[in-house]
Participant: 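Take a look at the following structure, please.
Chain A is the first sequence line, chain B the second, and so forth, proteins listed ahead of strands; every chain is numbered from 1. Remember, predicted model here, so these are calculated numbers, not experimental data.
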Number of protein chains: 2
Amino acid sequence: MATKAKTRAGTRNPSRPRDRAATRARILRATGELLAAQGFAALGVNAIARRARVDKVLIYRYFGGMEALLAAYAEEGEFWWSVDDLLGVDLPPPERDGAAAWLALALRRHVGWLRTHPLTMEILSWEMVEPNRVTERLAEVRERRSMALIGRLLGRFPAPAELDVAALSALLGAASNYLAIRARATRLFNGLDLGRRGDWDRLFDMVERIGAALLDPT
Amino acid sequence: MATKAKTRAGTRNPSRPRDRAATRARILRATGELLAAQGFAALGVNAIARRARVDKVLIYRYFGGMEALLAAYAEEGEFWWSVDDLLGVDLPPPERDGAAAWLALALRRHVGWLRTHPLTMEILSWEMVEPNRVTERLAEVRERRSMALIGRLLGRFPAPAELDVAALSALLGAASNYLAIRARATRLFNGLDLGRRGDWDRLFDMVERIGAALLDPT
DNA sequence: TTGCATTGTCACCGATCGGTGACATAGAAT
DNA sequence: ATTCTATGTCACCGATCGGTGACAATGCAA
């Protein structure tokens with residue numbers, strides 16, 4: 001209608017050189033940025049294309065659609081800690097030694113890692129609402145890494161044979177995830193103020209106490 | 001354009017009698033139904049009006065908008081258990097007596113209550129993503145009821161003075177919520193299968209064990 | 001009976017959504 | 001130089017979104 005669309009199509013802008021690989025990468029990067037900045041509710045072809053400054057049709061051409069884009073995104077990213085991020089030899093050990101102290105320290109670092117990786121927290125909360133290729137993939141990696149972490153701790157501090165280690169770590173891991181995710185938006189939970197350092201300390205002290213009661217030799 | 005809109009407006013349908021209060025109630029009921037059925041992502045004026053078979057403009061007229069509708073909805077609903085739902089005198093007591101057994105039983109019933117109240121679980125997950133009037137209101141109620149629950153248990157089984165009861169219950173409550181919400185969509189967590197009764201039992205056994213170690217007289 | 005506020009219906013607005021078909025251009029192969 | 005394909009641009013589709021203005025019917029007050 002109006003005075004527009006003279007050149008009609010093609011590379012109308014002086015624009016960047018054509019480069020499929022680079023464009024693909026732009027799209028993937030924009031996906032992560034958008035997810036971190038706006039959350040999964042805002043994720044969609046239009047929003048991603050806009051952010052990547054790319055035409056949305058290329059998302060369909062290069063990935064095949066939203067679902068497939070998420071799958072590709074899941075493949076190329078690193079969304080979870082490695083065991084060394086939590087227990088690495090260059091990290092300071094706990095003040096007291098022993099299984100309980102190491103357990104509490106690992107959980108502390110787990111929560112700290114989450115708080116510095118909002119993208120991962122976003123995916124974790126996504127997983128609770130509508131699982132998808134990205135969250136599935138993250139869940140797999142997480143399962144493996146968690147097992148490795150537990151294995152490492154058990155190697156150093158053998159647990160009582162009758163102790164259900166999986167149940168214990170599931171309990172503590174679930175609590176950590178919940179509180180970390182929830183703390184982004186709401187500070188109070190069960191009388192604790194998750195915005196305060198000290199209240200987190202109380203939680204980790206409790207973890208250590210539980211560990212001491214169940215793990216350390218009497 | 002077409003052959004429609006002869007009568008133009010008003011009560012075109014034979015329709016129901018005009019009744020502001022009833023219409024308000026329809027809207028509120030539809031809000032809850034939609035939330036339970038589709039989740040908070042699907043919640044909006046259009047969807048609610050459609051479900052309530054009511055014109056959406058009435059939502060603006062009677063409530064003032066989405067935000068205010070949520071506030072009103074939060075006021076008229078009951079979204080959390082009462083202490084008696086978990087510890088009522090007509091419910092069977094645990095097989096063994098003692099603080100740990102009661103603690104585990106309470107958490108068991110807490111999770112059971114959640115699983116039979118999908119609307120509450122929906123709100124709980126909502127709260128982790130985008131807090132609003134409904135989730136705030138639920139959080140208040142929950143805080144009060146949790147305190148009452150803990151108070152009742154402590155009244156029966158006084159805890160060691162130096163035990164941080166708030167931290168302990170926060171840990172266990174957080175874990176319960178996380179696992180209950182998550183289990184709707186994903187069964188596996190940390191090697192446990194939340195679709196299986198037995199694996200939940202392992203978790204509650206662990207709770208009882210923790211309780212025994214920290215609460216029961218040595 | 002007349003007037004009037006309440007209740008409800010409808011059409012429409014601009015924005016955004018996921019998705020597609022048509023076309024222009026660049027760059028390599030021939 | 002010519003052809004061809006991969007790459008990117010654009011316009012448009014129907015559906016849905018939140019939101020509003022205009023109007024018809026109801027029923028009560030005067």
Side-chain angles (χ1 to χ4, degrees), chain A residues 1-28 30-31 34-35 38-71 73 130 132-133, chain B residues 1-28 30-31 34-35 38-71 73 130 132-133:
Chain A
M1 286 290 179
T3 71
K4 49 184 317 186
K6 309 303 290 295
T7 329
R8 187 60 182 75
T11 306
R12 189 172 101 314
N13 290 336
S15 74
R16 51 181 169 276
R18 300 184 167 194
D19 184 338
R20 174 170 185 148
T23 302
R24 254 188 71 106
R26 290 174 65 89
I27 294 173
L28 288 171
T31 302
L34 198 59
L35 190 53
Q38 313 265 38
F40 57 85
L43 216 56
V45 271
N46 286 303
I48 292 175
R50 208 178 304 125
R51 174 141 201 153
R53 301 182 138 290
V54 147
D55 196 284
K56 64 178 171 179
V57 80
L58 301 182
I59 292 179
Y60 294 97
R61 281 232 269 269
Y62 294 162
F63 297 94
M66 198 60 215
E67 168 81 359
L69 168 58
L70 290 182
Y73 177 68
E130 41 171 38
N132 56 65
R133 303 293 288 269
Chain B
M1 289 287 182
T3 71
K4 51 184 316 186
K6 308 303 291 293
T7 329
R8 187 61 181 76
T11 306
R12 189 174 103 311
N13 290 336
S15 73
R16 52 183 169 275
R18 301 186 166 193
D19 184 338
R20 173 171 185 146
T23 303
R24 254 189 71 106
R26 290 176 65 88
I27 294 172
L28 288 171
T31 302
L34 197 59
L35 190 52
Q38 315 266 31
F40 57 85
L43 215 58
V45 269
N46 287 303
I48 291 175
R50 210 178 302 127
R51 174 141 203 152
R53 300 183 139 290
V54 147
D55 197 283
K56 64 178 172 179
V57 79
L58 301 182
I59 292 178
Y60 294 97
R61 282 231 268 267
Y62 293 162
F63 296 94
M66 197 60 215
E67 168 80 358
L69 168 57
L70 290 182
Y73 176 69
E130 41 170 38
N132 56 66
R133 303 292 288 268

Participant: Heavy atoms only, 4.0 Å cut-off, all strands: where does A:V54 land among base, sugar-phosphate and nothing?
Facilitator: nothing
Participant: Report the distance from atom CD1 of B:I59 to atom C1' of C:dC10, rounded to the nearest whole Å.
Facilitator: 16 Å
Participant: In this structure, how many angstroms lie between the C1' atom of C:dT7 and the CZ atom of B:R26, rounded?
Facilitator: 14 Å
Participant: Separation of A:L58 atom CG from D:dG8 atom C1', in whole Å?
Facilitator: 6 Å
Participant: Can you work out whether B:R61 or A:R61 has the more 5'-proximal nearest nucleotide on DNA chain C?
Facilitator: B:R61
Participant: Can you measure A:R24 atom CZ to D:dG8 atom P for me and round it to whole angstrom units?
Facilitator: 12 Å
Participant: Identify the two heavy atoms, one from A:E67 and one from A:R133, that lie closest to each other, and give their separation to 0.1 Å.
Facilitator: OE2-CG, 3.3 Å
Participant: In whole angstroms, how far is the P atom of C:dA28 from the CZ atom of A:R20?
Facilitator: 16 Å
Participant: Which side-chain N or O atoms in residues 38-60 of chain B pair as donor and acceptor under 3.5 Å with protein atoms at least two apart or in another chain?
Facilitator:
unit_1	atom_1	unit_2	atom_2	d
B:N46	OD1	B:K56	NZ	3.0
B:R51	NE	B:E33	OE1	3.1
B:D55	OD1	B:V57	N	3.0

Participant: Could you check how far CG of B:D19 sits from C1' of D:dC28, rounded to whole Å?
Facilitator: 15 Å
Participant: In whole angstrom, give the distance that lies between atom CG of B:D55 and atom P of C:dC12.
Facilitator: 14 Å
Participant: Any donor-acceptor pair under 3.5 Å joining the side chain of A:R18 to the base of C:dT25?
Facilitator: yes
Participant: Does C:dG8 have OP1 or OP2 sitting under 4.0 Å from an N or O in the side chain of B:T23?
Facilitator: yes
Participant: With respect to the phosphate group of D:dA6, does any side-chain polar atom (N or O) of A:Y62 fall under 4.0 Å of OP1 or OP2?
Facilitator: no
Participant: Work out which heavy atom in B:R24 is nearest to a heavy atom in B:Y62; give both atom names and the distance.
Facilitator: NH1-O, 3.4 Å
Participant: Report each atom pair, protein N/O against N/O of nucleotides 14-18 of chain C, whose distance is under 3.5 angstrom.
Facilitator:
unit_1	atom_1	unit_2	atom_2	d
C:dC17	OP2	A:R50	NH2	2.4
C:dG18	OP2	A:V45	N	3.4
C:dG18	OP2	A:N46	N	3.1
C:dG18	OP2	A:N46	ND2	2.8
C:dG18	N7	A:N46	ND2	3.2
C:dG18	N7	A:K56	NZ	3.2

